[in-house]
Amino acid sequence: MRPSARRPETALFRMAFLRAAFALAGLGFLMLAGCTPLYRDHGFAPTDAELAVVTVGKDNRETVSRAVGRPSASGLLGDTRWYYVQSRYRQRGPLAPEEVQRQVVVITFAESGTVSNIERFGLEDGQVVALSRRVTDSNIEGISFLGQLLGNFGRVTAGQALPGAN
């Protein structure tokens, strides 16, 4: 056998090795692409340039509505405050989305209807507030079913148990 002649097994082995190397490299690139963060924006908050048009003490709800638009939320007890909320979320792969930026612009109106204050808050100014809790607090912990049943004796009077006995 000549030294320059290659065995067919060696050529097949090299082809299989190259295919496996390309497959692993492609898989590695896909894994890296899956870890790239995705950003989503929600809501709207007017910029400082848009708010510069609004004059405190002069503008009213109508002129603010024309200048920056109506908000998605307003005060609960009347229409004295308008809230503009904008958030930016980052999601990395299968992890839960994380809020990375928040702006809240609050425009407060006086009783006369004119703008009395304009404030801007960021994520660093906020606090976590539970708007809704779906937890039922049970006050019967440590009491068995029989204890609950027997605990009701003595609470019901004869007038409550018999109709027309009042």
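Predicted model, so just to flag it, every value in this text is computed and none were measured. Only heavy atoms go into these numbers, but all of them, side chains included; no hydrogens, no water, no symmetry mates.
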At their closest point, which heavy atom of [X] faces which heavy atom of [Y], and how far apart are they?
X	Y	value
P46	L51	CG-CD2, 3.9 Å
R61	G113	NH1-CA, 3.6 Å
F44	V68	CE2-O, 3.4 Å
R120	D48	NH2-OD1, 3.0 Å

To the nearest 0.5 Å, tell me how far [X] [atom1] sits from [Y] [atom2].
X	Y	atom1	atom2	value
R92	T36	CZ	OG1	10.5 Å
Q103	Q86	CD	CD	5.5 Å
N117	E119	CG	CD	4.5 Å

Could you pull out all residues at least two apart from [X] that satisfy side chain to side chain contact (heavy atoms under 4.5 Å, CB included)?
X	answer
R66	E62, T63
S87	V85, Y89, E99, R102
V56	V115, I118

*Using modelled atom types only, decide if a donor and an acceptor are shared between the side chain of T108 and the backbone of S116 within a distance under 3.5 Å.*
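No; judged by distance alone, with no hydrogens or angles, the pair does not exist.
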
*Would a distance-only check, ignoring hydrogens and angles, find a side-chain to backbone donor-acceptor pair under 3.5 Å from Y84 to G69?*
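Confirmed, Y84 side chain pairs with G69 backbone.
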
_Sole candidate of N60, T114, V64 that passes side chain to side chain contact (heavy atoms under 4.5 Å, CB included) when paired with F109_ =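 Among the candidates, only V64 passes.
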
